[in-house]
Amino acid sequence: MSTPEKPALEGLEDKWKSRWETDGTYRFDRSASRSQVYSIDTPPPTVSGSLHVGHVFSYTHTDIVARYQRMRGKAVFYPMGWDDNGLPTERRVQNYYGVRCDPSLLYDPSFTPPEKPDKQPIAISRPNFVELCVRLTHEDERAFEQLWRYLGMSVDWSMTYATISRDAQRVSQLAFLHELDRGQAYQLEAPTLWDIDFRTAVAQAELEDREMPGAYHRLRFAHAGGEGAVEIDTTRPELIPACVALVAHPDDPRYQPLFGQHVITPLFGVPVPVRPHPLADPEKGTGIAMICTFGDVTDVIWWRELSLPVRAVIQTNGALRPVTWGSEGWESNDAATAQRHYDSIVGLSASKARARVVELLRESGDLTGDPRPITHHVKFFEKGDRPLEIVTSRQWFIRTMDNREALLARGRELKWVPHHMVARYENWVNGLNGDWCVSRQRFFGVPFPLWYRVGADGAIDYRQPLLPDAAQLPIDPSTEVPAGYRADQRGVPGGFAGDPDVMDTWATSSLTPFIVCGWERDPDLFQRTFPMDLRPQAHDIIRTWLFSTVLRAHLEEDALPWANTAISGWVLDPDRKKMSKSKGNVVTPMGLLEEHGSDAVRYWAAKGGPGVDTAFDAGQMKVGRRLAIKLLNASKFVLAKSCDTGPVTASLDRGMLWKLGRLVEHVGRHLDGYDYASALREIEEFFWWFCDDYIELVKRRRASDDPAGVSATVASARALSVMLRLFAPFLPFVTEEVWSWSRDGSVHRGPWPTPAEVTMGLSAETEQSDSAASRVASEVTARIRQERSARKLGFSVPARLMLTTPDDDRAPWDLVASDVIAGNNITSAQVSGSGDLAVSIDPQPVDV
RNA sequence: GGGCGGUUAGCUCAGCUGGUAGAGCACCGGCUUUACACGCCGGCUGUCACAGGUUCGAGCCCUGUACCGCCCACCA
């Protein structure tokens, strides 16, 4: 335990991250009661992606809060999770091992993937596929963990979880079964937004609008009576065979006479009714629209509310399905012509079929004019490449619409940092237009823990699912067998079939508070940690992760999942664009940490306030690095002569401590409100003042062993101890290093400083005069420095001081005069008059 | 179309309940001052986006406009 000769930052990360691990510095104390615990629902990063600067930025914010709470004496429950669920992992595993998942296959315990992936992917069962996902993501997790440790994240690494772990699956399945039991989950055969490339249903939360070129095609629908025709505009003429009605606004006089009449679809000769509906916009196109099953979500609304039949043509792969014209549901006035037209588009994708239909329309004369190009917004799956279609399929839903009011109330109950982010949540909840579709037609994910009976005719009966016992969970219905059945009855008449789908990744992620707190597994842990204290996350996933977590906690526990949520901003590149890989401006986090040092990068991150998008700024990191180095050097100086107890008699010393006491108070207030940026700013400001003014003024007095020297020694040592603890949540490495020079144990478990500790032994009666003295000392020193600079008199030139002070400053000046004189290389001081502060100096020749 | 945030020095940003515009970086000048040259001291830099309004007084409050970013939206 000693101060190094030449302190440096290099190597501190490696030194302390392993020491913290050995010492269990951040181990959660699970004997703590709920009120002593601070629990954090950390976002699990997607392991198959890569970490970027944005992660470093926002995770630092959370770590600052965690460290603050820990020093406040809380048992901080801070587990790290890995999100290895979902499509990114699935794709990566397919490519990495050269496999593909076939859920109809049975588990092969002896399967090992080939050394090198073959061109022809090997089909494997879902459990085998999941095993490979787990294996691959495990490697990613280790790399992530190394980075987090290097950054100084104070998580308890013994409590790491993964979203595809058996326990996460158990929690997902159990919550689903509860919701099924309570009628909050249900299945429905219904039109659903569908990605034709991923071949899965997608939820409202996963949509994004993209601007796409399109074109209005003006089509002619003949009146069924024979006389005249009506024209409609459509961007999707290929859906004419799926047309089931036309619709116009009820008040639109142009079309009122047509309501209840029929018109004939072009090319296919199908009589369809003309119906009124208020959603039809008289301003759009010709004011009358074609309803198809299904071209867009408005079609679904019209179809439902007008009780129209289904004539679906788009299949799950996006191609037009075969249709026999003239058969039931496909009646046509001219089935032969309809068939001939349809045969030329069957099997084509929507865009190819569209081009072909336009040719057919031109030939038949049902296209008025040329298509008019437009740009319009089209719904996409956020990870998808082609527009979504709407396909009718059986899906599982969790009820959101019935809970809208309750969810809005939960949103108001939650404390949002920054507060305005609550608007995003309310916006989303108010805009919900359907229950949450949680089933996905994918392989890697949490399966629905259900089987269905197969009837004697071989048809699956979805109405009464066969449920597993809760104690059995997690289960995979594609390999496990429901009670009362044998494995050889799978898929045969009179037997059973497993639900083929997996849950939406958010269906699992929405349960992170349950997963980490040991819901329905470790009741003791659960009651010590739930509801949690903090959910930190980014604002782009308020509608997904935050919303769905609030929903699940509401359904399961009738509670908020956490009391607070801190929404972090994004890291922007200097062009004010969100930093992203695709823009080619990604800096690897590890390179950044190695170049500037973790404390320096954390400093930059901490300067970005809660919810504030922040520019990537290497300059700030350099400033942070300088701060850390300054901390090393200043500490070395203070600790070179240190003493913990003794009377603080000098007014300047006391003034410094009073100022520090107020700082401690402010910083605590800022951090309680998650305003780490303001906290850091104030600490930093004090620290530079302490170094440049206070220490410079007292360093000579401090060298002596008389009572005045002891006063400065005690005060500066106390201040250093306090500042190290204030800086500790922000700069964990350098503060720990300095702390270790003179003290046992970790600064990160040290007590958070209190104003009372700082001003211990000081009499409140002197606060005003001490503070005034400290202020006058700084002001006069600044004037002397200005004078020296203006007159090019270096510090080494001794000078005589002539000072004018306001009357009010005369007494404070007397208290600090000797420090100001000694600290500014002044030979003698002459104070005169009264008025505005004025300083002049006379250089004094040095006696030879 | 609806909503949320932002616009302050060349750059990155503070500015609490209205009371004479701030910091850091950059730039310029100076300093061997035994903690630190990875340092210290000093200096320069502003129609607080724009237009109105309230007020003795507006960067801050109100109304409107513009631009930037984001979220949401039924996209014929």
Side-chain angles (χ1 to χ4, degrees), chain A residues 3 6-9 207-212 214 216-217 219 232-236 239 246-248 279-281 284-292 295-302 374-379 387 418 420-428 430-431 433 539-540 542-543 569-570 572 574 576-578 604 607-609 611-620 622-623 625-640 666 677-678 681-682 684-685 688 691-692 695-696 699 703 781-782 784-797 823-825:
Chain A
T3 310
K6 192 84 180 161
L9 298 176
L207 306 184
E208 66 182 32
D209 281 6
R210 294 184 202 162
E211 267 204 353
M212 295 284 292
Y216 275 140
H217 302 73
L219 309 184
I232 63 110
D233 276 329
T234 180
T235 54
R236 300 202 61 182
L239 292 179
L246 299 189
V247 64
L279 227 45
D281 182 355
K284 258 182 196 160
T286 60
I288 184 164
M290 162 173 101
I291 304 175
C292 304
D296 62 38
V297 295
T298 319
D299 279 344
V300 179
I301 296 171
W302 282 326
I374 54 159
T375 29
H376 59 162
H377 292 268
V378 180
K379 284 197 191 307
H420 66 80
M421 289 292 178
V422 71
R424 307 256 178 131
Y425 174 86
E426 291 182 343
N427 218 337
W428 173 252
N430 282 320
N433 57 25
H539 53 65
D540 54 335
I542 288 174
R543 67 171 178 170
W570 274 334
L572 307 175
R576 315 261 37 174
K577 294 280 192 302
K578 184 189 175 187
W604 158 75
K607 286 267 181 157
V612 180
D613 291 346
T614 299
F616 177 82
D617 188 354
Q620 285 298 311
K622 294 203 167 72
V623 174
R625 185 176 175 82
R626 271 206 281 276
L627 172 63
I629 291 168
K630 189 79 173 177
L631 207 44
L632 287 176
N633 288 312
S635 302
K636 177 184 140 194
F637 179 73
V638 169
L639 292 173
H666 288 187
S678 297
R681 195 167 41 245
E682 287 201 32
E684 192 188 4
E685 192 186 358
W688 287 108
C691 290
D692 296 340
I695 286 290
E696 288 302 326
K699 70 203 299 185
T781 298
I784 295 170
R785 287 169 176 171
Q786 274 169 16
E787 281 289 298
R788 282 194 186 275
S789 189
R791 299 171 57 186
K792 303 207 189 304
L793 300 172
F795 181 87
S796 55
V797 179
N824 286 296
N825 200 13

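Naming: A, B, ... by sequence-line order, numbering from 1 per chain.
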S.K.: Output the single nucleotide from B/rC36, B/rC4, B/rA73 whose closest atom is nearest the side chain of A/W428.
M.R.: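 Taking heavy atoms from C-beta onward, the closest nucleotide is B/rA73.
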S.K.: Given salt bridge (Lys or Arg N to Asp or Glu O under 4.0 Å), test A/E208 with A/R210 step by step and report yes or no.
M.R.: CA-CA 6 Å; A/E208 66 182 32; A/R210 294 184 202 162; 3.0 Å; yes
S.K.: Taking atom CD of A/E685 as the centre, report whether more than 12 heavy atoms of other residues, nucleotides or ligands fall under 6.0 Å from it.
M.R.: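 No, CD of A/E685 has 12 or fewer neighbouring heavy atoms, counting only those of other groups under 6.0 Å.
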S.K.: What's the gap between B/rG57 and B/rG3 when it is taken at their C1' atoms, as a whole Å value?
M.R.: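 Pairwise C1' distance, B/rG57 against B/rG3, rounds to 34 Å.
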S.K.: Roughly how far apart, to the nearest Å, are B/rG19 and B/rU55 at atom C1'?
M.R.: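 Taking atom C1' in both B/rG19 and B/rU55, they lie 12 Å apart.
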S.K.: Once you apply a heavy-atom cut-off of 4.0 Å, does A/D281 come out as touching a base, just sugar-phosphate, or nothing?
M.R.: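 Counting heavy atoms under 4.0 Å across all strands, the contact made by A/D281 includes a base.
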S.K.: Suppose you measure atom P in B/rA14 against the same atom in B/rC61; what distance do you get, rounded to whole Å?
M.R.: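 The answer is 15 Å between these two P atoms.
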S.K.: Without decimals, in angstroms, what is the distance between A/D692 CG and B/rG24 P?
M.R.: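 So the two atoms are 10 Å apart, to the nearest Å.
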S.K.: Over how many whole Å does the gap from A/K6 atom NZ to B/rA37 atom C1' extend?
M.R.: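 Distance check: A/K6 NZ to B/rA37 C1' gives 9 Å.
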S.K.: Quick one: is A/K699 getting a side-chain N or O under 4.0 Å of the B/rA35 phosphate, OP1 or OP2?
M.R.: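 Yes.
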S.K.: Please work out if A/E696 contacts a base, only the sugar-phosphate, or nothing of the nucleic acid, heavy-atom cut-off 4.0 Å.
M.R.: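 Result for A/E696 = base.
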S.K.: With nearest nucleotide decided by heavy atoms, which residue, A/V247 or A/I695, maps closer to the 5′ end of RNA chain B?
M.R.: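 The 5'-side residue here is A/I695.
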S.K.: Can you tell if the side chain of A/L279 reaches within under 4.5 Å of the side chain of A/I301, non-hydrogen atoms only?
M.R.: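 Yes - at least one pair of side-chain heavy atoms lies under 4.5 Å apart.
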S.K.: Name the nucleic acid region contacted by A/K792, choosing base, sugar-phosphate or nothing; use a 4.0 angstrom heavy-atom cut-off, strictly under.
M.R.: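 The residue A/K792 makes sugar-phosphate contact but no base contact.
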S.K.: In whole angstrom, give the distance that lies between atom CZ of A/R788 and atom P of B/rU32.
M.R.: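 From A/R788 CZ to B/rU32 P: 12 Å.
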S.K.: Could you tell me whether A/E684 and A/K630 have a side-chain N and a carboxylate O separated by less than 4.0 Å?
M.R.: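 Between A/K630 and A/E684 there is no salt bridge, as every charged N stays at least 4.0 Å from the carboxylate O atoms.
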S.K.: Is A/K607 touching bases, backbone alone, or none of the nucleic acid, heavy atoms closer than 4.0 Å?
M.R.: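 Contact class for A/K607: none.
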S.K.: Please measure how far the C1' atom in B/rC28 lies from the corresponding atom in B/rG10, and state the result in whole Å.
M.R.: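 Each nucleotide's C1' atom is 14 Å from the other's.
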S.K.: What does A/C691 touch in the nucleic acid at a heavy-atom separation under 4.0 angstrom: a base, only the sugar-phosphate, or nothing?
M.R.: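 Base: the residue A/C691, judged by heavy atoms under 4.0 Å, touches a nucleobase.
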S.K.: How long is the line joining NZ of A/K630 and P of B/rA35, in whole Å?
M.R.: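 One finds 11 Å between P of B/rA35 and NZ of A/K630, rounded.
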S.K.: Picking from B/rG42, B/rC38, B/rC40, which would you name as closest to the side chain of A/W688?
M.R.: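 Comparing B/rG42, B/rC38, B/rC40 against the side chain of A/W688, the answer is B/rC40.
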S.K.: Roughly, in whole Å, what's the span from CH2 in A/W570 to C1' in B/rG5?
M.R.: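 It is 13 Å, rounded to the nearest whole Å.
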S.K.: Counting side-chain heavy atoms from C-beta on, which of B/rU32, B/rG39, B/rG42 comes nearest to A/R626?
M.R.: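 Closest nucleotide to the A/R626 side chain: B/rG39.
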S.K.: Counting side-chain heavy atoms from C-beta on, which of B/rA35, B/rC72, B/rC74 comes nearest to A/R543?
M.R.: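 For the A/R543 side chain, the nearest candidate turns out to be B/rC72.
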S.K.: Between B/rA35 and B/rC41, how many Å separate the two P atoms, rounded to a whole number?
M.R.: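 One P to the other, the span is 15 Å.
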S.K.: Any side-chain N or O of A/Q786 below 4.0 angstrom from OP1/OP2 of B/rG43?
M.R.: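 Yes, because at least one side-chain N or O of A/Q786 sits under 4.0 Å from OP1 or OP2 of B/rG43.
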S.K.: Could you check which of B/rC13, B/rC25, B/rC36 has an atom nearest any side-chain atom of A/V623?
M.R.: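 Per side-chain heavy atoms of A/V623, the pick is B/rC25.
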S.K.: Can you tell me how far C1' in B/rG30 sits from the matching atom in B/rA21, rounded to whole Å?
M.R.: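 It comes out at 28 Å once rounded to the nearest Å.
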S.K.: Say you pick atom C1' in B/rC70 and the same atom in B/rC74; how far apart are they, in whole Å?
M.R.: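 Taking atom C1' in both B/rC70 and B/rC74, they lie 22 Å apart.
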S.K.: Provide, to the nearest angstrom, the distance between the NE2 atom belonging to A/H539 and the C1' atom belonging to B/rG3.
M.R.: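 A/H539 atom NE2 is separated from B/rG3 atom C1' by 15 Å.
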S.K.: With heavy-atom distances below 4.5 Å as the criterion, would you say the side chains of A/M421 and A/H539 are in contact?
M.R.: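 Sidechains of A/H539 and A/M421: in contact.
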S.K.: Which of the following nucleotides, B/rU33, B/rC70, B/rA35, is nearest to the side chain of A/S796?
M.R.: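 Shortest atom-to-atom distance from the side chain points to B/rU33.
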S.K.: Below 4.0 angstrom from OP1 or OP2 of B/rG24, is there any side-chain N or O of A/K622?
M.R.: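 Indeed not, no polar side-chain atom of A/K622 lies that close.
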S.K.: Taking side chain as C-beta onward, heavy atoms only, is A/V623 less than 4.5 Å from A/W604?
M.R.: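 A side-chain contact under 4.5 Å is absent here.
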S.K.: Counting any heavy atom closer than 4.0 Å, what does A/K636 reach on the DNA or RNA strands: base, sugar-phosphate only, or nothing?
M.R.: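 Sugar-phosphate only.
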S.K.: Looking at B/rA14, B/rC36, B/rU12, which one has an atom nearest to any side-chain atom of A/R681?
M.R.: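 The closest nucleotide is B/rA14.
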S.K.: When the P atoms of B/rU8 and B/rC13 are considered, how many whole Å apart are they?
M.R.: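 Taking atom P in both B/rU8 and B/rC13, they lie 10 Å apart.
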S.K.: Just the rounded figure in Å: distance from P of B/rA37 to CZ of A/F795.
M.R.: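 In whole Å, B/rA37 P and A/F795 CZ are 17 Å from each other.
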S.K.: Can you work out whether A/A423 or A/G609 has the more 5'-proximal nearest nucleotide on RNA chain B?
M.R.: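 By nearest-heavy-atom nucleotide position, the 5'-most residue is A/A423.
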S.K.: Can you tell me if A/N433 touches the phosphate of B/rA73, counting only side-chain N or O atoms and a distance under 4.0 Å to OP1 or OP2?
M.R.: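 For B/rA73, neither OP1 nor OP2 has a side-chain N or O of A/N433 closer than 4.0 Å.
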S.K.: Taking the six-membered ring of A/F795 as reference, does the NZ or CZ atom of A/R788 fall below 6.0 Å from its centre and within a 45° cone about the axis?
M.R.: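 Yes, A/R788 lies over the aromatic ring of A/F795.
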S.K.: I'd like to check the salt bridge (Lys or Arg N to Asp or Glu O under 4.0 Å) partners of A/R236; sequence neighbours left out, ordered by chain and number.
M.R.: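 With neighbours one apart ignored, the set is A/E238, A/E389.
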S.K.: Mind checking A/A280 for me? I need base, sugar-phosphate or nothing, with any heavy atom below 4.0 Å counting as a touch.
M.R.: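 Counting heavy atoms under 4.0 Å across all strands, the contact made by A/A280 includes a base.
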S.K.: Among B/rC74, B/rU12, B/rG42, which is the nearest nucleotide to the side chain of A/R785?
M.R.: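 From the listed options, B/rG42 comes nearest.
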S.K.: For RNA chain B, what is the dot-bracket line, given that a base pair needs Watson-Crick (N1 to N3, plus N6-O4 or O6-N4) or G-U wobble (N1-O2 and O6-N3) geometry with both distances under 3.5 Å, and | means paired with another strand?
M.R.: (((((((..((((.....[..)))).(((((.......))))).....(((((..]....))))))))))))....
S.K.: So which nucleotide from B/rA73, B/rA37, B/rA35 ends up closest to the side chain of A/D209?
M.R.: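 Closest of the options to the side chain of A/D209: B/rA73.
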S.K.: Can you name the closest pair of heavy atoms from A/M290 and A/I232 and give their distance?
M.R.: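 A/M290 and A/I232 have their closest heavy atoms at CB-CD1, 3.6 Å.
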S.K.: Does any part of the side chain of A/T234, heavy atoms only, come nearer than 4.5 Å to the side chain of A/Y216, both counted from C-beta?
M.R.: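 Heavy-atom side-chain distance check fails, nothing below 4.5 Å.
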S.K.: Do A/K379 and A/P387 have side chains that approach each other closer than 4.5 Å (heavy atoms only, starting at C-beta)?
M.R.: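 Side chain of A/K379 against side chain of A/P387, heavy atoms only: no contact under 4.5 Å found.
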S.K.: From the list B/rG43, B/rC70, B/rG2, which nucleotide is the closest neighbour of the side chain of A/N427?
M.R.: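 The closest nucleotide is B/rG2.
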S.K.: Specify the separation, in whole Å, of atom CD of A/E426 and atom P of B/rA73.
M.R.: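 Rounded to the whole Å, the gap is 16 Å.
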